[in-house]
*Asks:* 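Structure provided below as structure tokens; questions to follow.
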2 protein chains.
Amino acid sequence: MTHQALIKHINQFLFQPMRAEEEKAVADRFIRKAYRKRQYVLQAGDLSSRNTFVVEGCFRVFVADPNGKEHNLQFAVENGWIVDMGSLYKEEPSEMNIEALEDSTVLQIERKGLYELYDGFPVFNRYFRILAENAYIASQKRLIRSLGFTAEARYLDFIARYPHLLNRISDAKIASFLGMTPEFLSKLRRNFNK
Amino acid sequence: MTHQALIKHINQFLFQPMRAEEEKAVADRFIRKAYRKRQYVLQAGDLSSRNTFVVEGCFRVFVADPNGKEHNLQFAVENGWIVDMGSLYKEEPSEMNIEALEDSTVLQIERKGLYELYDGFPVFNRYFRILAENAYIASQKRLIRSLGFTAEARYLDFIARYPHLLNRISDAKIASFLGMTPEFLSKLRRNFNK
DNA sequence: AAATAACCTTAACCCAGGTTAAGATCCTGC
DNA sequence: GCAGGATCTTAACCTGGGTTAAGGTTATTT
């Protein structure tokens with residue numbers, strides 16, 4: 001069945017299987033959708049009205065700063081979620097862009113459907129609580145590294161933490177994620193080889 | 001009653017009043033505690049076993065980077081929460097320090113009590129979901145500013161966003177929160193006066 | 001298989017913000 | 001009420017990482 005990956009992911013985070021009616025509530029509200037490489041899931045300025053679970057493929061979330069320079073905030077692969085949570089919940093225009101980096105398949109739920117899950121089935125408040133807590137913990141760790149680590153330390157940390165992304169995502173995009181230019185990343189790598 | 005501020009805060013985020021038994025569950029598990037100015041709620045390396053709600057006073061959350069330099073991650077005043085969520089939930093030694101900046105009063109709950117709330121009363125999964133989502137949204141906004149904004153833009157943004165903190169927290173601590181040195185903040189402020 | 005676009009590297013030069021140090025002002029506890 | 005600590009400012013000098021520009025390599029697309 002088409003929603004298996006998501007249901008499995010939810011069960012893992014809950015440490016117990018959902019009941020049949022809860023599984024059905026998921027299956028009724030999440031819609032499968034395909035994106036081609038370079039296609040946008042969300043553009044800055046638009047309203048984000050959906051939450052998106054990655055079944056297969058790879059995405060990046062990025063913002064443009066006041067000079068128009070891009071900064072990658074997050075990459076998501078299989079079993080990850082991509083959303084501008086601020087835009088989704090506060091119903092404000094998105095600051096973020098979300099772009100497919102590969103041909104990809106996702107499951108999407110509308111804001112309305114998400115609220116139906118929260119109101120009808122307590123289990124989803126628990127699941128998304130845990131998810132938001134993990135996202136917050138990860139975001140704080142990133143902030144700590146961006147405040148106190150040198151460019152070199154951030155790069156080494158990235159290699160150790162996300163080895164599976166190294167061959168899947170271009171260096172320029174990783175450099176942007178790490179808060180440095182591709183030129184500087186190239187200089188760093190050259191120094192390691194000596 | 002001593003838990004009123006917290007109960008009111010929860011009700012606000014739920015958009016509806018809790019039932020009596022839920023209020024009681026809160027009152028039974030949160031313990032009032034006082035901290036003196038400069039006293040630590042949590043030290044890096046210790047295990048964080050509690051979540052803390054600020055009834056009155058002011059705190060900072062900070063980390064030390066590899067060179068021993070401090071970085072303020074968050075300030076919390078009345079109705080704010082302070083916690084190293086990573087340490088609390090993953091039961092790992094804390095990276096963070098939490099220090100009272102004024103004589104303060106808080107309400108604290110032990111990890112065990114918190115899990116009892118989650119398991120016994122769905123409403124708390126909803127409340128803490130919303131809280132975690134808001135924290136994540138705020139943390140992402142901070143990251144965006146730290147990646148793409150100049151020191152001056154970050155300072156102006158801070159003034160606009162947290163005017164009430166300006167007279168309550170020292171410039172050096174604000175500078176650290178904004179990712180710059182107090183000397184540089186001083187230089188910025190001098191330029192504005194011309 | 002050529003054309004085009006995306007990607008990576010190198011190198012010279014540059015700058016926002018850090019560092020160091022010294023003096024001035026404001027607490028705060030005893 | 002004053003001594004020792006925080007706190008804020010100024011100024012000279014320094015550096016990690018950015019900018020610009022050019023050439024080389026590797027994927028896509030047709």
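These values consider heavy atoms only, across backbone and side chains, with no hydrogens, waters or symmetry-generated copies. Proteins get letters first, then strands, A, B, ... in listed order; numbering begins at 1 in each. The structure displayed is predicted, hence computed values, not measured ones.
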*Asks:* Take the protein atom CG of A:Asp103 and the nucleotide atom P of D:dT28, then report the distance between them rounded to whole Å.
*Replies:*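 Distance check: A:Asp103 CG to D:dT28 P gives 11 Å.
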
*Asks:* Measure the distance from CG on B:Leu185 to C1' on D:dT7 and round it to the nearest whole Å.
*Replies:*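 Taking CG of B:Leu185 and C1' of D:dT7, I get 12 Å after rounding.
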
*Asks:* Regarding B:Asp103 and B:Arg36, does a basic nitrogen lie under 4.0 Å from an acidic carboxylate oxygen?
*Replies:*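 Yes, this pair counts.
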
*Asks:* Counting only side-chain N and O atoms of A:Lys37, is one of them less than 4.0 Å from OP1 or OP2 of D:dT28?
*Replies:*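 Checking A:Lys37 against D:dT28: at least one side-chain N or O falls below 4.0 Å of OP1 or OP2.
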
*Asks:* So, are A:Arg50 and A:Glu110 salt-bridged, with charged N and O less than 4.0 Å apart?
*Replies:*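 Counted as a salt bridge, because a side-chain N and a carboxylate O are separated by less than 4.0 Å.
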
*Asks:* Between D:dT9, D:dC8, D:dG17, spot the one nearest the side chain of B:Ser186, thanks.
*Replies:* D:dT9

*Asks:* Quick one: A:Phe184 CZ to C:dA16 C1', roughly how many Å, whole number?
*Replies:*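 Atom-to-atom, A:Phe184 to C:dA16, this comes out as 15 Å.
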
*Asks:* Could you give the CG-to-P distance, from B:Leu178 to C:dG17, as a whole number of Å?
*Replies:*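 Going from B:Leu178 (CG) to C:dG17 (P), I get 12 Å.
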
*Asks:* Distance check needed: D:dT10 C1' versus B:Asp171 CG, whole Å only.
*Replies:* 15 Å

*Asks:* Considering just the side-chain nitrogens and oxygens of A:Thr181, establish if one lies under 4.0 Å of OP1 or OP2 belonging to D:dG18.
*Replies:* yes

*Asks:* How close do B:Leu73 and B:Val63 get, counting heavy atoms only, and between which atoms?
*Replies:*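 That closest heavy-atom pairing would be CD1-CG1, 3.9 Å.
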
*Asks:* Using C1' atoms of five pairs at each end, report the bend of the helix from C:dT9-D:dA22 to C:dC30-D:dG1 rounded to 10 degrees.
*Replies:*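 So the angle between the two local helix axes works out to 50°.
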
*Asks:* Using a cut-off of strictly less than 4.0 Å, decide whether B:Lys69 has a side-chain nitrogen or oxygen near OP1 or OP2 of C:dT19.
*Replies:*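 Yes, because at least one side-chain N or O of B:Lys69 sits under 4.0 Å from OP1 or OP2 of C:dT19.
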
*Asks:* Of A:Met180 and B:Lys173, whose nearest nucleotide on DNA chain D comes first from the 5' end?
*Replies:* B:Lys173

*Asks:* D:dT9 phosphate, OP1 or OP2: any side-chain N/O from B:Arg190 under 4.0 angstrom?
*Replies:* no

*Asks:* Within 45° of the ring axis of A:Phe177 and under 6.0 Å from its six-membered ring centre, is that where the NZ or CZ of A:Arg142 lies?
*Replies:* yes

*Asks:* Would you call B:Glu183-B:Lys187 a salt bridge at under 4.0 Å N-O?
*Replies:* no

*Asks:* With the threshold set at 4.0 Å, does a side-chain nitrogen-carboxylate oxygen contact exist between A:Lys69 and A:Asp65?
*Replies:*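 Answer for the salt bridge query: no.
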
*Asks:* Within the structure shown, what part of the strands sits under 4.0 Å from A:Ser170 by heavy-atom distance: base, sugar-phosphate, or nothing?
*Replies:* sugar-phosphate

*Asks:* In terms of ring plane angle, is the pair A:Tyr162 and A:Phe158 parallel, tilted or perpendicular, where the classes change at 30° and 60°?
*Replies:*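 Tilted.
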
*Asks:* Give the rounded distance in Å between these two atoms: CG of B:Leu188 and C1' of D:dT9.
*Replies:*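 One finds 13 Å between C1' of D:dT9 and CG of B:Leu188, rounded.
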
*Asks:* Below 4.0 angstrom from OP1 or OP2 of C:dC8, is there any side-chain N or O of A:Lys187?
*Replies:*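 No.
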
